[in-house]
Student: 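Below is a structure I'd like to ask you about.
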Amino acid sequence: MKYLDEYRDGRLAAGLLESIRRTATRQWTLMEVCGGQTHSIVKYGLDELLPGEIELVHGPGCPVCVTPLETIDRAHAIARQPGVIFCSFGDMLRVPGSHGDLFQIKAEGGDVRIVYSPLDCLKLARANPERQVVFLAIGFETTAPANAMAAWQARAQGLTNFSLLVSHVLVPPAIRAILESPRNRVQGFLGPGHVCAVMGWEEYEPLAARYGVPMVITGFEPVDLLEGILMAVRQLEQGRAAVENQYARAVGRAGNVEARRMIERVFEVCDRAWRGIGVIPESGYRLRDEFADYDAERRFAVASVHAEEPAICISGQVLQGHKKPRDCPAFAKECTPQTPLGATMVSAEGACAAYYNYGRHLAQLPQ
């Protein structure tokens, strides 16, 4: 297949659904790891087309959703400081902190800017030598190479007015935490295609072997997802637990070797807090000591900023596959895309936003 439409072909999808029906002989629970996969599943109603034996639950692979509230509050504290140009991707501007969001700070006079690459910030730093330029560097392994390159180039260019507020998280430790939870019911995973395009799938092999769960690296279109589900169900029915690659057109076993090298030069692994989940050991990146001058958390002394999640928000349980958005008493009531209580409702990849945007809340509303 060469064209995008072919990955949305109804006949191919129907054939895959029939193969899943014929293959599944018992109940199986699968988790799609990536938020982009969740949105495709909900948009096309794939979870509602699957046979009753297969349940899909949603994973923690939304980078905005898992950025901890304290990181958002630290970003806001920096953005409010005079002389700062605070830069971020657009999807972070509406994420609520303890007191408003970045749009509100911008409306109050803060210099908050949307950029499309962290390298854009280096241009801003060169053009504004009297001001501090800060980039909110969040995300999974997918965005880490570009953020690492920004720090690398800033050092090479001798820029002293650029820094990164880093909150990178890693997928494999999150999967391990899910599997070790006493509440876990996930029996197989649709692995994150974009992350694996950078990192490959070698680090998932020990997880599949240790915990006896199939992991199928999967793309994002309907045919991708249905084929990934079929591959995972076949493994489960056969009693196998291996890593398989459905997304072969984009992912190789070793990933992008040069990108991985850049990450290793600039970042090191550390413990990291996940929003709604808590601290997962060795689940994040931080800047190496040799790049400490580019650490905004140190430069602006905001490490002491801490925050408490709203008690009503169950996004952490949604991100771990324990509950679904419609299980939340605030879903589509107090919490909507216009009045989000948590990042899973405001993010473009959040499960709550997917359920709301594609009408999964309408049956709950009074007629």
Student: Charged N to carboxylate O below 4.0 Å: is that the case for Glu264 and Arg288?
Tutor: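 No, no charged N to carboxylate O under 4.0 Å.
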Student: Between the side chains of Gln132 and Arg299, is a donor N or O closer than 3.5 angstrom to an acceptor N or O?
Tutor: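 Short answer, yes.
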Student: I'd like to know if Arg185 pairs up with Glu55 as an ion pair, taking the criterion as any Lys NZ or Arg NE/NH1/NH2 lying under 4.0 Å from an Asp or Glu carboxylate oxygen.
Tutor: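 Salt bridge: yes.
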Student: Which is it for Asp91 and Ser347 under the side-chain hydrogen bond (donor to acceptor under 3.5 Å, both in side chains) test, yes or no, and what are the steps along the way?
Tutor: CA-CA 6 Å; Asp91 55 0; Ser347 169; 5.3 Å; no
Student: Are side-chain heavy atoms of Ser283 and Trp274 found at a separation under 4.5 Å?
Tutor: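 Yes, close enough: below the 4.5 Å cut-off.
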Student: Same cluster or not: are Ile280 and Val64 linked, directly or through other Ile, Leu, Val, Met, Phe, Trp or Tyr residues, by side-chain heavy atoms under 4.5 angstrom apart?
Tutor: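 Ile280 and Val64: separate clusters.
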Student: Hey, is the main chain of Pro63 close enough, under 3.5 Å, to the side chain of Thr67 for a donor-acceptor pair?
Tutor: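 At least one qualifying donor-acceptor pair exists.
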Student: Hey, what do you get for OG (Ser98) to CD1 (Ile72), rounding to the nearest 0.5 Å?
Tutor: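 Going from the OG atom of Ser98 to the CD1 atom of Ile72 covers 10.0 Å.
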Student: Please report the C-alpha distance between Glu141 and Tyr285 in whole Å, then the side-chain angles of each, then the deciding distance to 0.1 Å, and finally whether the side-chain hydrogen bond (donor to acceptor under 3.5 Å, both in side chains) criterion is met.
Tutor: CA-CA 9 Å; Glu141 297 95 326; Tyr285 287 138; 5.5 Å; no
Student: Quick one: do Phe135 and Leu124 end up in the same hydrophobic cluster if we chain Ile, Leu, Val, Met, Phe, Trp and Tyr together by side-chain heavy atoms under 4.5 Å apart?
Tutor: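 Both belong to a single hydrophobic cluster.
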Student: Can you find a heavy atom in the side chain of Tyr247 that is under 4.5 Å from one in the side chain of Asn245?
Tutor: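 Of all side-chain heavy-atom pairs linking Asn245 with Tyr247, at least one is under 4.5 Å.
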Student: Within 45 degrees of the axis of the six-membered ring of Tyr7 and under 6.0 Å from its centre: does Arg249 put its NZ or CZ there?
Tutor: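 Yes, Arg249 sits over the ring of Tyr7.
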Student: Taking Arg94 for its side chain and Asp101 for its backbone only, find out whether a donor-acceptor pair lies under 3.5 Å.
Tutor: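 A pair under 3.5 Å: no.
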Student: Does CD belonging to Glu282 count more than 12 external heavy atoms closer than 6.0 Å?
Tutor: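 Counting other residues, nucleotides and ligands, CD of Glu282 stays at 12 neighbours or fewer.
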Student: State, to 0.1 Å, how close Leu225 and Gly219 come at their nearest heavy-atom pair, and which atoms those are.
Tutor: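 Leu225 and Gly219 have their closest heavy atoms at CD2-O, 3.6 Å.
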Student: Apply the test side-chain contact (heavy atoms from CB on, under 4.5 Å) to residues Val223 and Leu16: give CA-CA distance (whole Å), side-chain angles for both, the deciding distance (0.1 Å), then the verdict.
Tutor: CA-CA 8 Å; Val223 170; Leu16 288 165; 3.9 Å; yes
Student: Between Arg298 and Asp289, is there a side-chain N and carboxylate O pair less than 4.0 Å apart?
Tutor: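 Yes, this pair counts.
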Student: Establish, from distance only, whether the side-chain atoms of Asp224 and Thr218 form a donor-acceptor pair under 3.5 Å.
Tutor: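 No, because no side-chain N or O of Asp224 sits under 3.5 Å from a partner of the opposite role on Thr218.
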Student: Answer yes when Glu6 and Arg11 have at least one side-chain N-carboxylate O distance shorter than 4.0 Å, and no when they do not.
Tutor: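 No, no charged N to carboxylate O under 4.0 Å.
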Student: Please name the pair of heavy atoms, one in Gly350 and one in Cys65, separated by the smallest distance, quoted to 0.1 Å.
Tutor: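 Closest heavy-atom pair between Gly350 and Cys65: CA-SG, 3.6 Å.
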Student: Would you say the ring centroid of Phe220 lies under 6.0 angstrom from that of His194?
Tutor: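 Between His194 and Phe220, which both carry aromatic rings, the centre distance is below 6.0 Å.
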Student: Who are the side chain to side chain donor-acceptor pair (under 3.5 Å) partners of Glu237, not counting sequence neighbours?
Tutor: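 For Glu237 the side chain to side chain donor-acceptor pair (under 3.5 Å) partners, ignoring immediate neighbours, are Thr25, Trp28.
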Student: With rounding to the nearest 0.5 Å, note down the distance linking CD1 in Ile20 to CG in Leu46.
Tutor: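 One gets 9.0 Å once the value is rounded to the nearest 0.5 Å.
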Student: For Ser181, does its backbone N or O pair with a side-chain atom of Asn184 as donor and acceptor, under 3.5 Å?
Tutor: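 Not at all, since once roles are kept as given, no pair shorter than 3.5 Å links the two residues.
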Student: For Glu297, does its backbone N or O pair with a side-chain atom of Asp295 as donor and acceptor, under 3.5 Å?
Tutor: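 The answer is yes, because a donor-acceptor pair under 3.5 Å joins these two groups.
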Student: In terms of side-chain heavy atoms, does Glu227 have a donor or acceptor partner in Gln246 at a distance below 3.5 Å?
Tutor: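 There is such a pair (donor and acceptor under 3.5 Å, judged by atom type) between the side chains of Glu227 and Gln246.
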Student: Go through the steps to decide whether Arg210 and Glu180 satisfy the test salt bridge (Lys or Arg N to Asp or Glu O under 4.0 Å), and finish with yes or no.
Tutor: CA-CA 11 Å; Arg210 177 178 177 181; Glu180 292 182 352; 3.7 Å; yes
Student: Closer than 4.0 angstrom, basic N to acidic O: yes or no for Asp111 and Lys106?
Tutor: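 Lys106 and Asp111: not salt-bridged.
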Student: Is there a donor-acceptor pair under 3.5 Å between the side chain of Gln37 and the backbone N or O of Gly191?
Tutor: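 Here the side-chain-to-backbone pair exists.
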Student: Which atom names give the shortest non-hydrogen contact between Ala144 and Phe267, and what distance separates them?
Tutor: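 Minimum heavy-atom contact is O-CE1, 3.6 Å.
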Student: Give a yes or no answer on whether the side chain of Thr336 reaches the backbone of Ala332 with a donor-acceptor pair at less than 3.5 Å.
Tutor: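 No; zero donor-acceptor contacts below 3.5 Å.
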Student: Roughly how far apart are Leu49 CG and Arg21 CZ, rounded to 0.5 Å?
Tutor: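 Leu49 CG to Arg21 CZ: 7.5 Å, rounded to 0.5 Å.
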Student: Between His99 and Asp73, is any pair of side-chain heavy atoms under 4.5 Å apart?
Tutor: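 No; the side chains remain at least 4.5 Å from each other.
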Student: Tell me whether Val33 shares a hydrophobic cluster with Leu50, the cluster being built from Ile, Leu, Val, Met, Phe, Trp, Tyr side chains joined at under 4.5 Å.
Tutor: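 Unlinked, Val33 and Leu50 end up in two clusters.
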Student: Hey, is Arg253 close enough to Glu202 for a salt bridge, meaning N to O under 4.0 Å?
Tutor: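 Glu202 and Arg253: salt-bridged.
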Student: Just wondering, do Arg176 and Pro173 contact through their side chains at under 4.5 Å, heavy atoms?
Tutor: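 They are in contact (side-chain heavy atoms under 4.5 Å apart), so the answer is yes.
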Student: Ignoring hydrogens and angles, tell me if any N or O in the side chain of Glu334 forms a donor-acceptor pair with the backbone of Leu341 under 3.5 Å.
Tutor: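 Side chain of Glu334 to backbone of Leu341: no pair is present.
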Student: Could you check Arg74 against Phe300 for side-chain contact (heavy atoms from CB on, under 4.5 Å), going step by step and ending with a plain yes or no?
Tutor: CA-CA 9 Å; Arg74 290 169 187 174; Phe300 294 92; over 6 Å; no
Student: Do the side chain of Asn256 and the main chain of Ala259 share a donor and acceptor less than 3.5 angstrom apart?
Tutor: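 Between the backbone of Ala259 and the side chain of Asn256 there is a qualifying donor-acceptor contact (under 3.5 Å).
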Student: Which pair of non-hydrogen atoms, one from Asn147 and one from Ile138, has the smallest distance, and what is that distance?
Tutor: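 What the structure gives for the nearest pair is ND2-O, 4.0 Å.
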Student: Apply salt bridge (Lys or Arg N to Asp or Glu O under 4.0 Å) to residues Arg265 and Glu290 and explain how you reach the verdict.
Tutor: CA-CA 10 Å; Arg265 291 184 185 116; Glu290 53 265 43; over 6 Å; no
Student: Let me see the working for Gln157 and Arg126 under side-chain hydrogen bond (donor to acceptor under 3.5 Å, both in side chains), right down to the final yes or no.
Tutor: CA-CA 9 Å; Gln157 295 171 18; Arg126 290 194 297 270; 2.7 Å; yes
Student: With a 4.5 Å cut-off on side-chain heavy atoms, are His76 and Gln104 touching?
Tutor: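 The answer is no, as the side chains (C-beta and beyond) never meet within the 4.5 Å cut-off.
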Student: State whether the side chain of Thr339 and the backbone N or O of Cys335 hold a donor-acceptor pair below 3.5 Å, judged by distance alone.
Tutor: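 Between the backbone of Cys335 and the side chain of Thr339 there is no qualifying donor-acceptor contact (under 3.5 Å).
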Student: Measure from the side-chain N and O atoms of Asn161 to the backbone N and O of Ala125, and report whether any donor-acceptor pair falls under 3.5 Å.
Tutor: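 Yes, Asn161 side chain to Ala125 backbone: donor-acceptor pair under 3.5 Å.
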Student: For the residue pair Phe162 and Tyr294, categorise the inter-ring angle as parallel (less than 30°), tilted (30 to 60°) or perpendicular (more than 60°).
Tutor: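 Ring orientation of Phe162 relative to Tyr294: tilted.
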Student: Cluster question for you: counting only ILVMFWY and a side-chain heavy-atom cut-off of under 4.5 Å, with indirect links fine, are Ile178 and Ile217 together?
Tutor: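 Per the 4.5 Å side-chain linkage, Ile178 and Ile217 are co-clustered.
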Student: Can you find a heavy atom in the side chain of Leu30 that is under 4.5 Å from one in the side chain of Val57?
Tutor: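 No - every pair of side-chain heavy atoms lies 4.5 Å or more apart.
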Student: Is the Tyr355 to His58 ring centre distance short of 6.0 Å?
Tutor: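 Yes, ring centres under 6.0 Å apart.
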Student: Given Val195 and Trp201, is the side-chain contact (heavy atoms from CB on, under 4.5 Å) satisfied, shown in steps?
Tutor: CA-CA 9 Å; Val195 167; Trp201 71 77; over 6 Å; no
Student: Which heavy atom of Val133 sits nearest a heavy atom of Cys87, and at what distance?
Tutor: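 Between these two residues, the closest heavy atoms are CG1-SG, 4.0 Å.
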Student: Determine, using ring centers only, whether His168 and Phe140 are less than 6.0 Å apart.
Tutor: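 Between His168 and Phe140, which both carry aromatic rings, the centre distance is not below 6.0 Å.
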Student: Please find the pair of heavy atoms, one from Ala351 and one from Val318, that lie closest to each other, and give the distance.
Tutor: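 Result for this residue pair: CB-CG1, 3.9 Å.
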Student: Same cluster or not: Val95 versus Phe89, using hydrophobic residues (I, L, V, M, F, W, Y) connected whenever any side-chain heavy atoms lie under 4.5 Å apart?
Tutor: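 Looking at the clustering, Phe89 is in a separate group from Val95.
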Student: Assess the residue pair Leu207 and Val213 against the criterion (side-chain contact (heavy atoms from CB on, under 4.5 Å)); give the C-alpha distance rounded to whole Å, side-chain angles, the decisive distance to 0.1 Å, and a yes or no.
Tutor: CA-CA 8 Å; Leu207 291 172; Val213 293; 5.8 Å; no
